[in-house]
Amino acid sequence: IRGIGNLLGTKQHGKMVSVGFDTYCSLLEEAIKEQQNIKEKKYKSSIIDINITAYIPDEWVGTEEQKMIEYKRISETKTITDLDMIVKEWRDRFSKLEEPVENLIKLIKLKIGATNAGITRVRETQGGIRIYSEYTEAEQRMIYRKLPIEIKRYIKLVKLPKACEEGEMVIILNNMQLNFKELFNMLSDLFYYITEVISEYRQRE
């Protein structure tokens with residue numbers, strides 16, 4: 001309805017933050033492909049919904065068209081190696097990374113880590129960070145038992161109602177005493193351990 005300039009301008013980046021960067025880019029990509037009559041199998045990646053200011057400023061990349069290109073590139077990144085290559089290029093082309101850009105990069109790293117760990121969604125609520133997956137209750141309890149104590153003291157397992165479509169259990173991470181950098185490190189470590197535990201478990205099957 002509105003022009004791309006309004007949608008992706010600084011006055012509207014708050015809208016992107018409110019719906020989540022991953023969801024925002026997915027909706028944008030779906031709309032483009034719908035206009036082009038492109039149908040393809042979706043890549044199932046995690047949704048990261050954390051309340052942090054993360055965006056690419058207009059003045060940092062120079063033009064709104066370039067900003068749209070960079071959003072698309074980073075949203076399609078599937079590995080940390082590919083992401084690091086983009087970040088290195090950004091430093092060369094656009095100079096020092098501004099804080100909202102650094103936050104955006106961290107969110108993408110969390111999305112990649114969560115996807116690799118089999119996490120479907122990470123959502124911030126008043127009661128803490130809720131981490132959803134399709135793992136069974138038995139698998140989640142096994143994961144919890146094998147986590148380091150420094151992570152265990154921040155999380156708890158909560159059984160979901162049977163009617164809930166988001167899995168059997170949810171991990172709730174207490175982020176009350178954590179700033180975003182600490183939260184990023186905590187979630188990154190958690191996703192790493194989940195990936196390792198599940199990989200080891202499935203190799204034994």
Side-chain angles (χ1 to χ4, degrees), residues 17-26 41-54 74-84 87 102-205:
V17 173
S18 67
V19 300
F21 172 75
D22 191 56
T23 304
Y24 178 88
C25 287
S26 294
K41 188 176 180 180
K42 291 185 178 180
Y43 174 76
K44 189 175 182 180
S45 63
S46 300
I47 295 175
I48 307 296
D49 186 7
I50 295 176
N51 185 24
I52 186 70
T53 302
I74 198 171
S75 68
E76 292 176 344
T77 305
K78 302 295 189 298
T79 69
I80 296 296
T81 300
D82 290 342
L83 178 61
D84 287 343
V87 173
E102 290 184 338
N103 290 341
L104 179 59
I105 293 165
K106 284 185 171 68
L107 289 182
I108 296 298
K109 286 184 176 180
L110 289 178
K111 183 181 81 166
I112 294 171
T115 300
N116 292 337
I119 302 301
T120 56
R121 183 172 184 177
V122 179
R123 180 165 63 92
E124 184 170 359
T125 69
Q126 290 184 349
I129 304 291
R130 289 179 169 252
I131 302 166
Y132 298 92
S133 73
E134 296 179 354
Y135 294 129
T136 65
E137 180 178 347
E139 288 173 331
Q140 294 213 46
R141 292 193 183 281
M142 176 194 65
I143 290 170
Y144 180 81
R145 287 195 302 270
K146 298 199 173 195
L147 290 176
I149 189 64
E150 58 267 24
I151 293 180
K152 276 185 181 180
R153 64 192 183 97
Y154 282 95
I155 68 173
K156 62 181 178 179
L157 289 176
V158 176
K159 194 164 185 177
L160 295 171
K162 289 184 179 179
C164 183
E165 297 180 354
E166 295 186 284
E168 296 183 22
M169 299 193 79
V170 62
I171 298 174
I172 299 181
L173 189 152
N174 181 0
N175 63 320
M176 292 295 291
Q177 305 298 322
L178 302 175
N179 58 37
F180 180 60
K181 182 179 179 180
E182 293 169 332
L183 176 61
F184 167 76
N185 290 333
M186 180 69 64
L187 287 172
S188 297
D189 289 346
L190 176 61
F191 299 153
Y192 168 79
Y193 283 110
I194 290 175
T195 303
E196 290 294 303
V197 171
I198 290 299
S199 177
E200 180 182 350
Y201 169 72
R202 288 178 176 169
Q203 285 177 4
R204 293 177 179 177
E205 288 185 326

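With Asn103 contributing its side chain and Thr53 its backbone, the two residues share a donor-acceptor pair below 3.5 Å. Judged by distance alone, with hydrogens and angles left aside, the side-chain atoms of Lys146 form no donor-acceptor pair with the main-chain N or O of Tyr144 at under 3.5 Å. Here the side chain of Ser46 pairs a donor or acceptor atom with the backbone of Ile119 at under 3.5 angstrom.
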Check the pair Ile194, Tyr135 against side chain to side chain contact (heavy atoms under 4.5 Å, CB included), reporting the backbone distance first and the verdict last. CA-CA 11 Å; Ile194 290 175; Tyr135 294 129; 4.0 Å; yes
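The number of heavy atoms from other shown groups lying within 6.0 Å of NZ (Lys156) does not exceed 12. Around atom CD of Glu134, no more than 12 heavy atoms belonging to other residues, nucleotides or ligands sit under 6.0 Å away. Crowding of Glu150 atom CD: a count of heavy atoms from other residues, nucleotides or ligands under 6.0 Å exceeding 12.
Across all their heavy atoms, Ser133 and Gly118 have their closest contact at CB-O, 3.5 Å. Residues Asn175 and Gly128 share a closest heavy-atom pair of OD1-CA, 3.5 Å. Contact detail for Ser45 and Lys111: the closest heavy-atom pair is OG-CD, 4.4 Å.
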Residues 178-189, side-chain donor-acceptor partners within the protein, below 3.5 Å, at least two apart:
{"from": "Asn179", "atom 1": "OD1", "to": "Lys181", "atom 2": "N", "distance (Å)": "3.2"}
{"from": "Asn179", "atom 1": "OD1", "to": "Glu182", "atom 2": "N", "distance (Å)": "2.8"}
{"from": "Glu182", "atom 1": "OE1", "to": "Asn179", "atom 2": "N", "distance (Å)": "3.0"}
{"from": "Asn185", "atom 1": "ND2", "to": "Lys181", "atom 2": "O", "distance (Å)": "3.3"}
{"from": "Ser188", "atom 1": "OG", "to": "Phe184", "atom 2": "O", "distance (Å)": "2.8"}

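The CD atom of Glu139 sits 5.0 Å away from the OH atom of Tyr201 when rounded to the nearest 0.5 Å.
Looking only at side-chain heavy atoms (C-beta outward), Lys109 and Ile48 stay at 4.5 Å or farther from each other.
Every residue two or more places apart in sequence or in another chain that forms a salt bridge (charged side-chain N to carboxylate O under 4.0 Å, His left out) with Glu137 is listed here: Arg141, Lys159.
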